[in-house]
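Okay, structure first, notes after.
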2 protein chains.
Amino acid sequence: MRAWVAFLDTSNLLLQRINQQLREDGGLTQPQYELLTRLAEAPDQRMRMAELALALVTSRSGLTYQVSQLEKAGLVRREACASDDRGILAVLTADGQQALLKAAPGHLRVVRENLIDQLDRDQLVTLADTLGRARAHLRSTGNG
Amino acid sequence: MRAWVAFLDTSNLLLQRINQQLREDGGLTQPQYELLTRLAEAPDQRMRMAELALALVTSRSGLTYQVSQLEKAGLVRREACASDDRGILAVLTADGQQALLKAAPGHLRVVRENLIDQLDRDQLVTLADTLGRARAHLRSTGNG
DNA sequence: TGCATGTCGTTCGAATTCGAACTACACCGG
DNA sequence: CCGGTGTAGTTCGAATTCGAACGACATGCA
């Protein structure tokens, strides 16, 4: 249980720092940064809404809101899905790329200073493996 | 970086499950459960507002809101602070105790099933130590 | 004592989140 | 082709969050 409390505290503290950093840096919030990152890593830099919502662990309505915000800011574009008329693809724009490149260094610095540099390499590898395992279990039992 | 992404995902997934479980179980939310727990662990089951806000990693205004909600529900009581006329003490009531006892088993079960049981004892100890270290660093560099 | 600075908790408005209800479309068995 | 069931994305209202501004009190120094 000690582990869980430490886990939650660390998560909250880090998110606090990250949001603070991103706000000083430019107009992005943490959820928005995360969203853009997923799009940047996706094939053709586009993703289905439902898939994106799952990846970001947010509700579909919440995703609709954030994508709308980013679309107004010109960082993301909506596109119809060829294979499914119901589907919408969120696509990263050139401006979105730029915003991500601009915000990335500060973001990486905060994560590095506050998490990575506090641990040695073994601890870090163990942490990634351990949490990867927990995440896999959580995803595999999704709502069932 | 893999570690940080896994960290964030796991945290979000677990919070999702916990909130879902608590909602099915009875009227508490996760932040409220966390708040009551801190009070239950505190000497005389009471804490200063500012101290509580720090412990829960939330804003002071956010804490005011949650304490007001819990006060309306009768689970928490506000008390003046003897040593500082500005201060307010949040105090756990008997009903608050009851609510905590009622919600605890389900909460513990979810954390156990989804995190603790997925790891062996070494991993768990390492995780607690590792995150404890990161948390200590984050707290020691608080806003400075 | 009197003033300057800082802290405590609250209030306020804006932004973000969620779940439920809804519309449009896909898919399957007849 | 056609109804029945399920999924995709959005809209809506309610709840929660934050930061900034505020009034009340504490603390240090002259």
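Bear in mind that the values here come from a model prediction, so they are computed numbers and not experimental data.
- A salt bridge does not link Arg77(A) with Glu71(A): every distance from a Lys NZ or Arg NE/NH1/NH2 to an Asp or Glu carboxylate oxygen is 4.0 Å or more.
- Between the CD atom of Glu24(B) and the C1' atom of dG19(C) there is a distance of 13 Å, given to the nearest Å.
- Atoms CZ (Arg86(A)) and P (dC25(C)) sit 10 Å apart, rounded to a whole Å.
- In this structure, Leu8(A) and Val57(B) have side chains that are not in contact, with every pair of non-hydrogen atoms separated by 4.5 Å or more.
- For the contact set between residues 47-68 of chain B and DNA chain C, defined by any heavy atom under 4.0 Å, the members are Arg48(B), Met49(B), Ala50(B), Arg60(B), Ser61(B), Thr64(B).
- Across Ile88(A), Leu54(A), Leu89(A), a single residue satisfies side-chain contact (heavy atoms from CB on, under 4.5 Å) together with Arg48(A), and that is Leu89(A).
- The nearest whole Å value for the distance from the CG atom in Leu22(A) to the P atom in dA15(C) is 18 Å.
- Among the atoms of the strands shown, only primed sugar atoms or phosphate atoms (P, OP1, OP2) are found under 4.0 Å from some heavy atom of Asp84(B).
- Whole-Å rounding puts the Asp85(B) CG to dT27(D) C1' distance at 14 Å.
- For the pair Arg23(B) and Thr29(A), both in contact range of DNA chain C, the more 5′-proximal nearest nucleotide belongs to Thr29(A).
- Judged purely by distance below 3.5 Å, without hydrogens or angles, the side chains of Gln69(A) and Gln32(A) never pair a donor atom with an acceptor atom.
- Distance Glu79(A) CD to dA8(D) P: 19 Å, rounded to the nearest Å.
- Atom CD1 in Ile88(A) sits about 19 Å away from atom P in dT7(D), given to the nearest Å.
- A donor-acceptor pair under 3.5 Å is formed between the side chain of Gln118(B) and the backbone N or O of Glu113(B).
- In this structure, Leu35(A) atom CG and dT16(C) atom P are separated by 13 Å, rounded to whole Å.
- In this model, the phosphate group of dA15(C) is not approached by any side-chain N or O of Gln69(A) to a distance below 4.0 Å at OP1 or OP2.
- Gln66(A) contributes atom CD, which lies 11.5 Å from atom OG of Ser61(A) (distance to the nearest 0.5 angstrom).
- Note: CG (Asn19(B)) to C1' (dG19(C)) measures 12 Å, nearest angstrom.
- Side-chain contact between Gln45(A) and Gln97(A): present, with at least one pair of heavy atoms (C-beta onward) separated by less than 4.5 Å.
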